[in-house]
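To start, the structure under review is shown below, and the notes come after it.
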Amino acid sequence: MKKTVITLCISLGSVGATAGTFTGGATFPEQIVQEITAVQQYSQEAMQLQQQLMMVQNQVRNLQSFPDQLWQSTLPTLNTLVSLVGNAQGLNYATQNTVADVQQQYGDPTQALSEYQGSLQKWTENTDSQIAATLQQYGLSQQDFGTTQASLAAIQAASQSAPGRMQVLQAGNQISGLMINQLQSLQQDMNAGNQMMANYVAGQTHAQDAQTQGLLKMLNTPTTPLY
(Lines give C-alpha, C1' and ligand atoms only; values in the text may rest on other atoms or scores of the structure.)
Protein backbone atom coordinates (compact mmCIF):
# COMPACT_ATOMS: atom_id res chain seq x y z
CA MET A 1 0.00 0.00 0.00
CA LYS A 2 2.73 2.50 1.00
CA LYS A 3 4.76 1.55 -2.08
CA THR A 4 1.77 2.23 -4.33
CA VAL A 5 1.13 5.65 -2.79
CA ILE A 6 4.81 6.61 -2.96
CA THR A 7 5.03 5.53 -6.61
CA LEU A 8 1.97 7.58 -7.52
CA CYS A 9 3.25 10.61 -5.61
CA ILE A 10 6.54 10.46 -7.50
CA SER A 11 4.92 9.98 -10.90
CA LEU A 12 2.36 12.73 -10.25
CA GLY A 13 4.57 15.20 -8.43
CA SER A 14 5.11 17.35 -11.54
CA VAL A 15 1.46 17.21 -12.56
CA GLY A 16 -0.21 18.84 -9.57
CA ALA A 17 0.54 22.41 -10.61
CA THR A 18 -1.12 22.04 -14.01
CA ALA A 19 -3.76 19.38 -13.47
CA GLY A 20 -6.29 21.79 -12.00
CA THR A 21 -8.82 21.16 -9.26
CA PHE A 22 -10.68 17.87 -9.09
CA THR A 23 -13.32 16.27 -6.88
CA GLY A 24 -13.60 17.81 -3.42
CA GLY A 25 -11.28 20.69 -4.25
CA ALA A 26 -8.15 18.51 -4.27
CA THR A 27 -5.56 18.46 -7.02
CA PHE A 28 -5.34 15.35 -9.16
CA PRO A 29 -2.41 13.79 -7.22
CA GLU A 30 -4.11 14.56 -3.89
CA GLN A 31 -7.39 13.07 -5.03
CA ILE A 32 -5.74 9.87 -6.25
CA VAL A 33 -3.84 9.35 -2.98
CA GLN A 34 -7.00 10.07 -0.95
CA GLU A 35 -8.99 7.49 -2.90
CA ILE A 36 -6.31 4.77 -2.63
CA THR A 37 -5.94 5.41 1.11
CA ALA A 38 -9.70 5.31 1.65
CA VAL A 39 -10.29 2.00 -0.15
CA GLN A 40 -7.45 0.42 1.85
CA GLN A 41 -8.95 1.68 5.11
CA TYR A 42 -12.44 0.47 4.19
CA SER A 43 -11.10 -2.98 3.33
CA GLN A 44 -9.39 -3.27 6.71
CA GLU A 45 -12.53 -2.02 8.46
CA ALA A 46 -14.65 -4.66 6.70
CA MET A 47 -12.29 -7.38 7.96
CA GLN A 48 -12.55 -6.08 11.53
CA LEU A 49 -16.35 -5.92 11.34
CA GLN A 50 -16.60 -9.47 10.06
CA GLN A 51 -14.40 -10.72 12.89
CA GLN A 52 -16.58 -8.94 15.44
CA LEU A 53 -19.83 -10.25 13.96
CA MET A 54 -18.49 -13.79 13.74
CA MET A 55 -17.56 -13.64 17.41
CA VAL A 56 -21.09 -12.54 18.30
CA GLN A 57 -22.60 -15.26 16.13
CA ASN A 58 -20.49 -17.89 17.90
CA GLN A 59 -21.55 -16.53 21.27
CA VAL A 60 -25.21 -16.67 20.31
CA ARG A 61 -24.77 -20.21 19.05
CA ASN A 62 -23.24 -21.29 22.35
CA LEU A 63 -25.86 -19.46 24.42
CA GLN A 64 -28.72 -20.63 22.18
CA SER A 65 -30.29 -17.20 22.71
CA PHE A 66 -29.64 -13.55 21.93
CA PRO A 67 -29.70 -11.64 25.24
CA ASP A 68 -30.43 -7.91 25.29
CA GLN A 69 -27.00 -6.97 26.58
CA LEU A 70 -25.23 -8.81 23.77
CA TRP A 71 -27.57 -7.30 21.18
CA GLN A 72 -26.94 -3.78 22.47
CA SER A 73 -23.19 -4.34 22.22
CA THR A 74 -23.65 -5.63 18.66
CA LEU A 75 -25.69 -2.67 17.42
CA PRO A 76 -22.69 -0.31 16.98
CA THR A 77 -20.95 -2.92 14.82
CA LEU A 78 -24.01 -3.33 12.61
CA ASN A 79 -24.43 0.44 12.35
CA THR A 80 -20.78 0.78 11.37
CA LEU A 81 -21.28 -1.84 8.68
CA VAL A 82 -24.20 0.15 7.26
CA SER A 83 -21.97 3.26 7.17
CA LEU A 84 -19.14 1.29 5.57
CA VAL A 85 -21.35 0.17 2.69
CA GLY A 86 -22.47 3.77 2.11
CA ASN A 87 -18.92 5.10 2.34
CA ALA A 88 -17.62 2.50 -0.12
CA GLN A 89 -20.32 3.39 -2.61
CA GLY A 90 -19.55 7.09 -2.10
CA LEU A 91 -15.86 6.44 -2.75
CA ASN A 92 -16.75 4.62 -5.95
CA TYR A 93 -18.81 7.59 -7.16
CA ALA A 94 -16.00 9.99 -6.22
CA THR A 95 -13.55 7.90 -8.24
CA GLN A 96 -15.93 7.98 -11.20
CA ASN A 97 -16.01 11.78 -10.89
CA THR A 98 -12.23 11.89 -10.93
CA VAL A 99 -12.19 9.84 -14.14
CA ALA A 100 -14.81 12.14 -15.67
CA ASP A 101 -12.73 15.20 -14.73
CA VAL A 102 -9.66 13.71 -16.40
CA GLN A 103 -11.70 12.89 -19.50
CA GLN A 104 -13.09 16.42 -19.65
CA GLN A 105 -9.72 18.10 -19.20
CA TYR A 106 -7.47 15.80 -21.22
CA GLY A 107 -9.78 13.77 -23.46
CA ASP A 108 -9.94 10.00 -23.88
CA PRO A 109 -8.69 9.12 -27.37
CA THR A 110 -8.17 5.41 -26.64
CA GLN A 111 -11.44 5.00 -24.64
CA ALA A 112 -9.38 3.45 -21.82
CA LEU A 113 -10.80 5.89 -19.27
CA SER A 114 -14.34 5.12 -20.40
CA GLU A 115 -13.67 1.42 -19.89
CA TYR A 116 -12.29 2.12 -16.42
CA GLN A 117 -15.35 4.18 -15.52
CA GLY A 118 -17.55 1.39 -16.84
CA SER A 119 -15.84 -1.12 -14.55
CA LEU A 120 -16.49 1.20 -11.58
CA GLN A 121 -20.16 1.42 -12.48
CA LYS A 122 -20.34 -2.35 -12.79
CA TRP A 123 -18.80 -2.65 -9.33
CA THR A 124 -21.68 -0.65 -7.86
CA GLU A 125 -24.28 -2.75 -9.64
CA ASN A 126 -22.60 -5.99 -8.57
CA THR A 127 -22.31 -4.87 -4.94
CA ASP A 128 -25.95 -3.78 -4.80
CA SER A 129 -27.18 -7.06 -6.30
CA GLN A 130 -25.12 -9.17 -3.88
CA ILE A 131 -26.38 -7.23 -0.87
CA ALA A 132 -29.98 -7.52 -2.09
CA ALA A 133 -29.59 -11.28 -2.54
CA THR A 134 -28.12 -11.64 0.95
CA LEU A 135 -30.96 -9.69 2.55
CA GLN A 136 -33.50 -11.78 0.68
CA GLN A 137 -31.76 -14.97 1.81
CA TYR A 138 -32.40 -14.04 5.43
CA GLY A 139 -35.97 -12.88 4.90
CA LEU A 140 -35.14 -9.16 4.93
CA SER A 141 -36.60 -6.68 2.47
CA GLN A 142 -34.22 -4.80 0.20
CA GLN A 143 -36.51 -1.77 0.33
CA ASP A 144 -36.03 -1.54 4.09
CA PHE A 145 -32.27 -1.21 3.55
CA GLY A 146 -32.32 1.16 0.59
CA THR A 147 -30.68 4.06 2.45
CA THR A 148 -28.48 4.45 5.50
CA GLN A 149 -31.32 5.93 7.52
CA ALA A 150 -33.73 3.18 6.46
CA SER A 151 -31.14 0.51 7.24
CA LEU A 152 -30.58 1.79 10.76
CA ALA A 153 -34.34 1.92 11.33
CA ALA A 154 -34.74 -1.64 10.03
CA ILE A 155 -32.01 -2.89 12.34
CA GLN A 156 -33.68 -1.17 15.27
CA ALA A 157 -37.04 -2.73 14.34
CA ALA A 158 -35.44 -6.17 14.18
CA SER A 159 -34.32 -5.81 17.78
CA GLN A 160 -37.88 -6.43 18.95
CA SER A 161 -37.56 -10.19 18.51
CA ALA A 162 -34.85 -12.83 18.84
CA PRO A 163 -35.47 -14.20 15.31
CA GLY A 164 -35.21 -10.67 13.92
CA ARG A 165 -31.91 -10.13 15.68
CA MET A 166 -30.53 -13.36 14.30
CA GLN A 167 -31.63 -12.50 10.77
CA VAL A 168 -29.87 -9.14 10.90
CA LEU A 169 -26.77 -10.63 12.53
CA GLN A 170 -26.45 -13.40 9.94
CA ALA A 171 -27.07 -11.01 7.07
CA GLY A 172 -24.56 -8.52 8.50
CA ASN A 173 -21.95 -11.23 8.90
CA GLN A 174 -22.34 -12.30 5.28
CA ILE A 175 -22.46 -8.73 3.96
CA SER A 176 -19.25 -7.87 5.80
CA GLY A 177 -17.62 -10.85 4.07
CA LEU A 178 -18.78 -9.86 0.62
CA MET A 179 -17.66 -6.27 1.27
CA ILE A 180 -14.16 -7.56 1.97
CA ASN A 181 -14.11 -9.21 -1.46
CA GLN A 182 -15.74 -6.24 -3.18
CA LEU A 183 -13.38 -3.70 -1.63
CA GLN A 184 -10.33 -5.78 -2.51
CA SER A 185 -11.63 -5.98 -6.07
CA LEU A 186 -12.26 -2.22 -6.10
CA GLN A 187 -8.76 -1.58 -4.78
CA GLN A 188 -7.23 -3.64 -7.59
CA ASP A 189 -9.28 -1.78 -10.20
CA MET A 190 -8.37 1.59 -8.68
CA ASN A 191 -4.67 0.77 -8.51
CA ALA A 192 -4.61 -0.17 -12.19
CA GLY A 193 -6.96 2.60 -13.29
CA ASN A 194 -5.27 5.36 -11.31
CA GLN A 195 -1.83 4.35 -12.53
CA MET A 196 -3.19 4.48 -16.07
CA MET A 197 -4.65 7.94 -15.43
CA ALA A 198 -1.41 9.09 -13.81
CA ASN A 199 0.63 8.05 -16.84
CA TYR A 200 -1.89 9.59 -19.22
CA VAL A 201 -2.16 12.91 -17.38
CA ALA A 202 1.60 13.15 -16.94
CA GLY A 203 2.07 12.51 -20.68
CA GLN A 204 -0.54 15.06 -21.65
CA THR A 205 0.88 17.66 -19.27
CA HIS A 206 4.39 17.11 -20.63
CA ALA A 207 3.08 17.52 -24.18
CA GLN A 208 1.29 20.73 -23.23
CA ASP A 209 4.42 22.11 -21.56
CA ALA A 210 6.48 21.34 -24.67
CA GLN A 211 3.95 23.13 -26.86
CA THR A 212 3.96 26.12 -24.53
CA GLN A 213 7.75 26.33 -24.52
CA GLY A 214 7.80 26.09 -28.30
CA LEU A 215 5.29 28.93 -28.60
CA LEU A 216 7.23 31.13 -26.19
CA LYS A 217 10.47 30.46 -28.07
CA MET A 218 8.82 31.42 -31.32
CA LEU A 219 7.38 34.63 -29.85
CA ASN A 220 10.75 35.65 -28.36
CA THR A 221 12.74 35.05 -31.53
CA PRO A 222 13.54 38.32 -33.34
CA THR A 223 11.99 38.46 -36.78
CA THR A 224 13.88 39.38 -39.93
CA PRO A 225 12.43 42.38 -41.76
CA LEU A 226 10.95 41.54 -45.13
CA TYR A 227 12.24 44.76 -46.62
Side-chain angles (χ1 to χ4, degrees), residues 1-5 34-95 119-191:
M1 174 59 192
K2 291 181 180 178
K3 183 178 180 181
T4 302
V5 173
Q34 289 171 8
E35 290 168 359
I36 293 176
T37 303
V39 71
Q40 176 72 9
Q41 291 175 342
Y42 292 156
S43 181
Q44 294 175 346
E45 186 176 7
M47 293 180 185
Q48 294 172 354
L49 292 174
Q50 187 186 43
Q51 291 175 354
Q52 293 170 7
L53 292 174
M54 288 181 66
M55 288 177 60
V56 174
Q57 193 164 338
N58 290 333
Q59 285 181 275
V60 172
R61 187 180 296 113
N62 293 332
L63 294 172
Q64 296 182 344
S65 65
F66 208 141
D68 292 340
Q69 186 176 1
L70 182 57
W71 171 253
Q72 291 301 322
S73 65
T74 306
L75 274 176
T77 303
L78 293 170
N79 294 343
T80 302
L81 176 60
V82 170
S83 298
L84 173 66
V85 173
N87 290 338
Q89 292 173 333
L91 172 63
N92 183 279
Y93 290 129
T95 305
S119 70
L120 293 173
Q121 294 170 348
K122 188 174 295 183
W123 182 91
T124 299
E125 296 170 359
N126 189 24
T127 301
D128 289 343
S129 65
Q130 288 192 58
I131 291 177
T134 301
L135 292 172
Q136 185 178 10
Q137 178 182 347
Y138 291 102
L140 301 171
S141 172
Q142 180 185 1
Q143 294 180 347
D144 293 338
F145 291 82
T147 65
T148 299
Q149 185 175 1
S151 299
L152 297 177
I155 291 173
Q156 188 62 40
S159 66
Q160 304 306 313
S161 69
R165 295 176 182 179
M166 280 302 302
Q167 286 175 319
V168 171
L169 174 62
Q170 291 171 336
N173 188 18
Q174 189 163 329
I175 289 173
S176 64
L178 75 86
M179 287 304 299
I180 293 173
N181 295 331
Q182 288 298 99
L183 285 165
Q184 289 176 346
S185 174
L186 179 61
Q187 182 179 349
Q188 291 175 355
D189 286 347
M190 287 175 60
N191 285 342

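Count residues from 1 along the sequence.
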Got a second to check how far [X]'s [atom1] is from [Y]'s [atom2], nearest 0.5 Å?
{"X": "Met179", "Y": "Leu186", "atom1": "CE", "atom2": "CG", "value": "8.5 Å"}
{"X": "Asn79", "Y": "Thr74", "atom1": "CG", "atom2": "OG1", "value": "10.5 Å"}
{"X": "Gln57", "Y": "Gln174", "atom1": "CD", "atom2": "CD", "value": "9.5 Å"}
{"X": "Gln48", "Y": "Leu81", "atom1": "CD", "atom2": "CG", "value": "12.5 Å"}
{"X": "Gln136", "Y": "Ser141", "atom1": "CD", "atom2": "OG", "value": "9.5 Å"}
{"X": "Gln187", "Y": "Tyr42", "atom1": "CD", "atom2": "OH", "value": "13.0 Å"}

Minimum heavy-atom distance [X]-[Y], with the two atoms named:
{"X": "Ala158", "Y": "Val168", "answer": "CB-CG2, 3.4 Å"}
{"X": "Leu135", "Y": "Ala171", "answer": "CD2-CB, 4.4 Å"}
{"X": "Ala94", "Y": "Glu35", "answer": "O-OE2, 3.6 Å"}
{"X": "Ile180", "Y": "Gln50", "answer": "CD1-OE1, 3.2 Å"}

**Short side-chain to backbone donor-acceptor contact, Asn87 and Ser83, under 3.5 Å** =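 Here the side-chain-to-backbone pair exists.
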**Request:** Check ring pair (Phe, Tyr, Trp, His ring centres under 6.0 Å) between Phe66 and all other residues, then give those that pass, not counting sequence neighbours.
**Result:**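 Testing Phe66 for ring pair (Phe, Tyr, Trp, His ring centres under 6.0 Å), a comparison that skips the adjacent residues, returns Trp71.
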So do the side chains of [X] and [Y] get within less than 4.5 Å of each other, counting heavy atoms only?
{"X": "Gln89", "Y": "Asp128", "answer": "yes"}
{"X": "Asn181", "Y": "Ser185", "answer": "no"}
{"X": "Gln40", "Y": "Met190", "answer": "no"}
{"X": "Phe145", "Y": "Val82", "answer": "no"}
{"X": "Leu75", "Y": "Gln72", "answer": "yes"}
{"X": "Val56", "Y": "Gln52", "answer": "no"}
{"X": "Leu91", "Y": "Thr95", "answer": "yes"}

**Item:** Over 12 foreign heavy atoms within 6.0 Å of CD, Gln137
**Value:**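 Enclosed.
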**Request:** Give the intermediate values and the outcome of side-chain contact (heavy atoms from CB on, under 4.5 Å) for residues Gln44 and Leu183.
**Result:** CA-CA 9 Å; Gln44 294 175 346; Leu183 285 165; over 6 Å; no
**Leu53 and its side chain to side chain contact (heavy atoms under 4.5 Å, CB included) partner, picked from Ile175, Asn173, Asn58** =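 The passing option is Asn173.
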**Any pair counted as side-chain hydrogen bond (donor to acceptor under 3.5 Å, both in side chains), so long as it reaches residues 161-172, sequence neighbours left out** =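 Output for this query lists Asp68-Arg165.
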**Prompt:** What do the steps show when you test Leu49 against Leu78 for side-chain contact (heavy atoms from CB on, under 4.5 Å), and what is the final call?
**Reply:** CA-CA 8 Å; Leu49 292 174; Leu78 293 170; over 6 Å; no
